Structure formats: structure tokens, C-alpha cells
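Values in this document were obtained by computation on a predicted structure and should not be read as measured data.
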Amino acid sequence: MKTNQVPWILAVVIALFTAGCTTPAKDTDTNMLGAPAMTPEQKQAIEQEISSLVKEFFRQVQKLDIETCMTYFENTPDFQAVNPDGTLGNYDALKKLNADGFNQMKTFSVVPNKEVIRVLTDSLVLYTFSMEQNATLKTGQKMKFEHVAGTMLFTKINGAWKATFYHESASAPVAVN
């Protein structure tokens, strides 16, 4: 029996928005930028802010709410996304790509594996995640991404954390019966 192939664009879209991880961040010195040293308490507070932020972001992803999801990204000409297929995109391209994918899905869920939060400065944080993703298309077809990993660079802008860079890699989807 031959399984229908899922369009590659859908694979890219599903891989772009996922996670909700719970592994605690490692406490390592990341003062590579010459910023004044932060106390462990300051780093921990920032890690908690980012952890809460991404958990809420990924809840919105699972709701397939593209408008709310995109509020977590900084909409400027400097924003950059690297898609799982190796293409580069700006804010508008990322939004369109994911809106097209969300429109094909009935349900979407993630199974977190790991997250790492590296506080680089009091206004710059690198967030890395890995997870598995599961989707049911509106056609009824189910698929699974067994390996997805991504990185978001968060910058504190006007008192709010915004992703200013996004990069994701994913294995090809596997059809699920």
C-alpha cells in the first residue's frame, strides 16, 4: 500500500512552530559580549521570563493561531528566519509560510524533549529546543516529525522580549496510520 506524500512546504511549516519544553537551563557563564556580569538571581529571573514566554507561545502554536504566534517575533527589516529547508525569510515570509501550513491542519501537538536557555546579557537570550511534533491534517492524514530542533534569539525591546532571529531544522515527516 502506497502512502500519500505530504507536501514539503507543510513539513517546513509544521517544523517552524513547535515545543513547550521543560528541561531546566544550565548555569554556565555566557558573558561573551563584554556586558557587566549578572548575579545568578538575575540570570534565573531572565530564564524564568523566557521559559514562561515560550510556553505561552507554543500553547498558541498548538491552537494554530498565527496572529497571536507572530506577536512573539519582532516585525522589523532586521528580523531573519532560517527555515528547515535552508531558505531564508523575513517576518512577512515566516508569517505567510506558517499561515499556509496552519490552514491545512486540524490539530497540532508537540512532545518536548529538551530546552536550553542561555542568558547572554540582560537584554539578549539564546533559546534552543528539541521535540517531536504530531499533526492531523484537515484531510484526516496524520503525520509525525520525530526530530525537530530550533533556536530563537530573544532581544528585550522596549521592556518586552521579542524573537529577532529564528532557525529550525527538522527530519522529514513520517505518515502515521
Side-chain angles (χ1 to χ4, degrees), residues 3 5-28 30 46-74 79-89 91 93-95 97-120 125-138 141-155 161-177:
T3 305
Q5 294 294 319
V6 177
W8 179 248
I9 188 81
L10 183 58
V12 170
V13 168
I14 290 174
L16 282 174
F17 286 115
T18 55
C21 306
T22 59
T23 304
K26 294 182 181 178
D27 187 20
T28 57
T30 57
I46 292 170
E47 289 170 355
Q48 183 57 45
E49 286 179 49
I50 296 297
S51 183
S52 296
L53 179 77
V54 296
K55 283 178 183 163
E56 183 54 33
F57 168 72
F58 292 120
R59 274 193 276 278
Q60 298 306 317
V61 169
Q62 291 184 109
K63 291 179 181 179
L64 303 172
D65 182 351
I66 190 64
E67 293 301 325
T68 302
C69 289
M70 292 306 294
T71 65
Y72 292 83
F73 296 90
E74 181 66 7
F79 176 82
Q80 184 177 16
V82 180
N83 302 318
D85 65 356
T87 60
L88 297 177
Y91 177 92
L94 180 67
K95 182 176 181 179
L97 182 70
N98 285 287
D100 291 348
F102 283 9
N103 286 332
Q104 296 180 48
M105 289 184 244
K106 181 178 179 182
T107 65
F108 183 73
S109 66
V110 298
V111 179
N113 293 324
K114 185 176 183 178
E115 79 174 359
V116 177
I117 300 171
R118 292 189 93 176
V119 178
L120 304 175
V125 175
L126 189 66
Y127 173 77
T128 306
F129 61 88
S130 68
M131 86 291 295
E132 174 185 297
Q133 305 170 21
N134 300 286
T136 302
L137 304 180
K138 289 180 179 176
Q141 182 179 6
K142 295 181 180 187
M143 57 188 201
K144 176 184 205 175
F145 291 83
E146 294 178 312
H147 304 285
V148 178
T151 300
M152 299 170 86
L153 182 64
F154 284 97
T155 305
W161 291 104
K162 295 285 189 166
T164 56
F165 176 81
Y166 187 81
H167 183 188
E168 190 165 317
S169 300
S171 60
V174 176
V176 177
N177 294 328

Rounded to the nearest 0.5 Å, the NZ atom of Lys142 sits from the OG1 atom of Thr136 at a distance of 5.0 Å
Heavy-atom nearest pair, Ser109 first then Gln62, reads CA-OE1, 3.1 Å
Using the rule given for side chain to side chain contact (heavy atoms under 4.5 Å, CB included), can you reason through Phe79 versus Lys162, listing the C-alpha separation, both sets of side-chain angles and the distance that settles it, and then say yes or no?
CA-CA 10 Å; Phe79 176 82; Lys162 295 285 189 166; over 6 Å; no
Sub-4.5 Å side-chain heavy-atom contact between Phe165 and Val82:
yes
Short side-chain donor-acceptor distance under 3.5 Å, Gln48 and Ser52
yes
Give the intermediate values and the outcome of side chain to side chain contact (heavy atoms under 4.5 Å, CB included) for residues Tyr91 and Met70.
CA-CA 8 Å; Tyr91 177 92; Met70 292 306 294; 3.3 Å; yes
Salt bridge (Lys or Arg N to Asp or Glu O under 4.0 Å) with Glu146: which residues, sequence neighbours excluded?
none
Inter-residue atom distance Leu97.CG - Thr87.OG1, 0.5 Å rounding
7.0 Å
Could you pull out all residues at least two apart from Asn103 that satisfy side chain to side chain donor-acceptor pair (under 3.5 Å)?
none
Answer yes or no: is there a side-chain heavy-atom contact under 4.5 Å between Met152 and Phe73?
yes
Please report the C-alpha distance between Met105 and Leu137 in whole Å, then the side-chain angles of each, then the deciding distance to 0.1 Å, and finally whether the side chain to side chain contact (heavy atoms under 4.5 Å, CB included) criterion is met.
CA-CA 4 Å; Met105 289 184 244; Leu137 304 180; 4.2 Å; yes
Sidechain-backbone polar pair: Lys106 side chain, Gln141 backbone, donor-acceptor under 3.5 Å:
no
Aromatic contact, Phe58 with Phe108 (centres under 6.0 Å):
no
Of the non-hydrogen atoms in Phe145 and Val148, which two are nearest, and what is the gap between them?
CB-CG2, 3.7 Å
Report the distance from atom CE of Met143 to atom CD of Gln133, rounding to the nearest 0.5 Å.
8.5 Å
What verdict does the side chain to side chain contact (heavy atoms under 4.5 Å, CB included) test give for Asn83 and Leu88, after you've listed the backbone C-alpha separation in whole Å, the side-chain angles of each residue and the deciding distance to 0.1 Å?
CA-CA 6 Å; Asn83 302 318; Leu88 297 177; over 6 Å; no
Applying side-chain contact (heavy atoms from CB on, under 4.5 Å), name anything that partners Thr155, two or more places apart in sequence or on another chain.
Leu124, Ile157, Thr164
Considering all heavy atoms of both residues, which atom of Leu126 and which atom of Thr151 are nearest to each other, and what is their separation?
CD1-CG2, 3.3 Å
Measure the spacing between CD1 of Ile66 and CZ of Phe102 and express it to the nearest 0.5 Å.
4.5 Å
Val116 and Lys114 have their tightest heavy-atom pair at CG2-CE, 3.8 Å
Residues Asn113 and Glu132: closest non-hydrogen pair is ND2-N, 4.0 Å
Roughly how far, to the nearest 0.5 Å, is CD1 of Ile50 from CZ of Phe57?
12.5 Å
Approximate separation, where rounding is to 0.5 Å, of Leu64 CG and Asn98 CG
10.5 Å
Just so I know, are the side chains of Tyr127 and Leu53 near enough to count as touching, which here means a heavy-atom distance under 4.5 Å?
no
Closest non-hydrogen atom pair, Ala81 against Leu94:
CB-CD1, 4.2 Å
